[in-house]
Amino acid sequence: MDTKKYLADYYGQYDEEGRLLTRHGMVEYLTTMKYIEKYLKPGMCIAEIGAATGRYSHTLAQKGYPVDAVELIEHNIELFKQRTVHGEPVTITQGNATDLSFFPEGTYDITLLLGPMYHLFTKEEQRQALSEAIRITKDGGIIFSAYCMGDASILSYGFTGGHIHEIIEKCMLNPETFETFSNPWDLFELYRKEDIDTLRSQFPVTQLHFVASDGYANHMREVVDAMDDATYEIFLKYHFSTCERTDMVGYSHHTLDIFRKTM
């Protein structure tokens with residue numbers, strides 16, 4: 001199973017940058033940046049693993065932070081390079097999140113793993129990617145790891161989108177437990193919070209935040225995209241005030257696990 005081929009085909013025709021620039025997509029971006037900026041200090045070095053076209057890497061580099069980015073897909077790397085501003089302290093290397101051997105141990109103050117966990121389909125790959133992100137982070141450094149959530153997809157794609165019978169028939173969903181199952185050709189691995197907690201618990205880290213990155217925004221994307229500026233600001237204020245509430249996180253399409261390396 002060539003996961004890279006499936007991803008290359010997908011991202012070759014998908015506008016990831018454009019998604020984050022919509023009003024509903026900006027909720028995820030603004031939330032992630034809000035939490036990154038919470039831990040940024042002058043002189044920090046940042047790694048972004050799975051940087052896609054560089055939305056976060058370029059933003060941080062243009063603020064003056066040295067960023068070393070890694071991306072698997074050639075198409076995304078080309079777009080990343082095209083969007084690099086002259087003099088930006090940013091590099092881009094082609095590589096896989098499960099093997100960052102070209103980066104020394106304990107190099108970065110902040111490591112962003114904002115895409116790879118979406119596309120790793122075995123427990124071994126998931127552990128390896130998280131292990132590598134932690135390895136390259138300094139003691140006391142912060143890791144940001146993003147996930148796609150199963151229940152949000154069941155509700156939006158399954159029920160709202162009218163595909164619930166199809167995904168059950170394809171054995172992508174257990175109709176008794178509503179546990180989800182993905183393969184590389186499905187493109188996205190889906191998680192529950194307990195899956196993420198179990199994964200993180202295997203490493204010497206201390207959790208700082210678990211965040212519903214886009215909250216309910218994707219379920220009401222048409223409404224969010226049509227909001228006037230004043231209403232959108234109120235929506236963002238509401239989202240920021242609720243995005244760490246444990247009773248809200250499961251409905252978010254994307255979540256962000258933030259933890260400190262304690263070893």
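Since this is a predicted model, take the numbers as computed values, not measurements. FYI, side chains are in, hydrogens and waters are out, and symmetry mates aren't considered; it's all heavy atoms of this structure.
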Tell me yes or no: between the side chains of [X] and [Y], is some donor less than 3.5 Å from an acceptor?
| X | Y | value |
| --- | --- | --- |
| Tyr29 | Thr31 | no |
| Ser213 | Glu28 | no |
| Asn76 | Thr53 | no |
| His253 | Ser156 | yes |
| Asp195 | Thr198 | no |

- Sequence neighbours excluded, every pair satisfying salt bridge (Lys or Arg N to Asp or Glu O under 4.0 Å) that has a member inside residues 105-130: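 Residue pairs passing salt bridge (Lys or Arg N to Asp or Glu O under 4.0 Å), neighbours aside: Asp109-Lys138.
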Are any of the side-chain heavy atoms of [X] and [Y] separated by less than 4.5 Å?
| X | Y | value |
| --- | --- | --- |
| Ile154 | Ile164 | yes |
| Tyr147 | Leu199 | yes |
| Tyr56 | Leu114 | yes |
| Phe178 | Arg192 | yes |

- Task: Determine, for Lys170 against Glu166, whether the closest basic-nitrogen to carboxylate-oxygen distance falls under 4.0 angstrom.
- Result: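 Answer for the salt bridge query: yes.
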- Query: Would you say Val90 and Leu40 are hydrophobically clustered, going by side-chain heavy atoms of ILVMFWY under 4.5 Å?
  - Reply: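 In one cluster: yes.
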Test of understanding: with side chain to side chain contact (heavy atoms under 4.5 Å, CB included), list the residues that count as partners of [X], not counting sequence neighbours.
| X | value |
| --- | --- |
| Thr91 | Asp68 |
| Lys63 | Met33, Glu37, Thr59, Tyr65 |
| Gln94 | Lys4, Glu74, Ile77 |

- Query: His163 vs Tyr157 aromatic rings, parallel, tilted or perpendicular, using cut-offs 30° and 60°?
  - Reply: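 Ring orientation, 0 to 90° scale: parallel.
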- Indicate the ring-plane relationship of Tyr251 and Tyr216, choosing parallel, tilted or perpendicular according to the 30° and 60° boundaries.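 The rings of Tyr251 and Tyr216 stand perpendicular, inter-plane angle above 60°.
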- Just by modelled atom types, is the His24 backbone N or O under 3.5 Å from a matching donor or acceptor in the Asp225 side chain?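 Checked: pair present.
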- Task: With sequence neighbours excluded, tell me which residues meet ring pair (Phe, Tyr, Trp, His ring centres under 6.0 Å) with His119.
- Result: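 Ring pair (Phe, Tyr, Trp, His ring centres under 6.0 Å) check on His119 returns Tyr11, Phe188.
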Do you know which two heavy atoms are closest between [X] and [Y], and how far apart they sit?
| X | Y | result |
| --- | --- | --- |
| Val85 | Glu88 | N-OE1, 2.5 Å |
| Cys148 | His254 | SG-CD2, 4.1 Å |
| Thr255 | Met149 | OG1-SD, 3.3 Å |
| Arg260 | Ile142 | NH1-CD1, 3.5 Å |

- Query: Quick one: OH on Tyr35 to CD1 on Ile258, what's the gap to the nearest 0.5 Å?
  - Reply: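 Separation between the atoms: 6.5 Å.
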- Query: With clusters built from Ile, Leu, Val, Met, Phe, Trp and Tyr whose side-chain heavy atoms come within less than 4.5 Å, directly or transitively, what are the remaining members of the cluster of Met248, listed by chain and number?
  - Reply: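 Besides Met248, the hydrophobic cluster comprises Tyr238, listed by chain and residue number.
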